[in-house]
Amino acid sequence: QVQLVESGGGSVQAEGSLRLSCEYSEFTSSTYCMGWFRQAPGKEREGVAAICGPRIRTMYADSVKDRFSISQDNAKNTVTLQMDNLQPVDTATYYCAWTPRWVYGRVGLSRNSYQYWGQGTQVTVSS
């Protein structure tokens with residue numbers, strides 16, 4: 001029942017930064033998780049970060065935890081993924097997703113935990 005729209009993708013050089021945004025429609029569930037996933041050609045869709053509520057918790061894949069940061073602005077109905085020190089291996093289509101369940105932990109970075117998805121935004125990092 002939640003609609004998601006990603007934006008902010010683009011092309012950057014290695015060590016550059018991008019900020020992705022996911023605008024979501026209002027939802028009534030007090031319990032939720034919103035995740036960012038990425039999929040590169042020939043690879044599975046993998047979770048990179050997630051944020052869950054109502055008592056806010058965040059989680060990150062080990063490969064990005066020191067470089068990416070997820071945050072939420074309820075006033076703007078937006079979840080942001082700040083990506084710093086980007087590398088060519090980060091090149092992928094990035095998707096945001098939502099579930100009305102508490103899936104904090106490793107399961108929160110599993111694509112099977114989410115039912116609602118945006119259409120994705122492309123991130124390309126050149127060396």
Linked, directly or transitively: Val107 and Tyr95 (ILVMFWY side chains, under 4.5 Å)
yes
For a quick test of reading the model, state the closest non-hydrogen atom pair linking Gly105 to Met59 and the distance between them.
O-SD, 3.1 Å
Ring center gap for Trp102 and Tyr32 short of 6.0 angstrom:
no
Please name the pair of heavy atoms, one in Tyr24 and one in Asp73, separated by the smallest distance, quoted to 0.1 Å.
OH-O, 4.1 Å
Between Ser63 and Arg38 the two heavy atoms that sit nearest each other are OG-NH2, 3.9 Å
Value rounded to 0.5 Å, distance of OG1 in Thr121 from CG in Leu20:
6.0 Å
As an exercise, state the distance from CG of Asn85 to CD of Gln87, rounded to the nearest 0.5 Å.
5.0 Å
Cation-pi check, Arg45 to Trp117: give yes when NZ or CZ is under 6.0 Å from the six-membered ring centre and within 45° of the ring axis, no otherwise.
yes
Kindly work out whether a path of hydrophobic side-chain contacts (I/L/V/M/F/W/Y, heavy atoms less than 4.5 Å apart) joins Trp36 to Val89.
no
Looking only at non-hydrogen atoms, find the nearest pair between Ser127 and Ala14 and report the distance.
CA-CB, 4.4 Å
Is a side-chain N or O of Thr78 found less than 3.5 angstrom from the main chain of Ser21, in a donor-acceptor match?
no
Taking Val5 as the starting point, is it possible to reach Tyr116 by hopping between hydrophobic residues whose side chains are less than 4.5 Å apart?
no
Do the numbers put Arg57 on top of the ring of Tyr104, so that NZ or CZ is under 6.0 Å from the six-membered ring centre and no more than 45° off the axis?
yes
Counting N and O atoms only, with roles assigned by atom type, does the side chain of Thr99 sit under 3.5 Å from a partner on the main chain of Ser113, one being a donor and the other an acceptor?
yes
Tightest non-hydrogen contact, residues Thr58 and Tyr60, listed as OG1-CE1, 3.9 Å
Would a single hydrophobic cluster contain both Val64 and Val125, if residues Ile, Leu, Val, Met, Phe, Trp and Tyr are joined by side-chain heavy-atom contacts under 4.5 Å?
yes
Side-chain (Glu6) to main-chain (Gly120) donor-acceptor, under 3.5 angstrom
yes
Return the orientation label for the Tyr114 and Phe37 ring planes: parallel under 30°, perpendicular over 60°, tilted otherwise.
perpendicular
Quick check on Glu15: does its CD atom have over 12 non-hydrogen neighbours (other residues, nucleotides or ligands) under 6.0 Å away?
no
Modelled atom types, side-chain donor and acceptor of Gln115 and Arg101, under 3.5 Å:
yes
Over all atoms of both residues, closest heavy-atom pair of Ala40 and Ala92
N-CB, 3.8 Å
Between the CG atom in Asp84 and the CG atom in Asp66, the distance rounded to the nearest 0.5 Å is 11.5 Å
Is there a path of hydrophobic side-chain contacts, each under 4.5 Å between heavy atoms of I/L/V/M/F/W/Y residues, joining Leu109 to Val48?
no
State, without any angle test, whether Thr93 and Gln122 hold a side-chain donor-acceptor pair at a distance under 3.5 Å.
yes
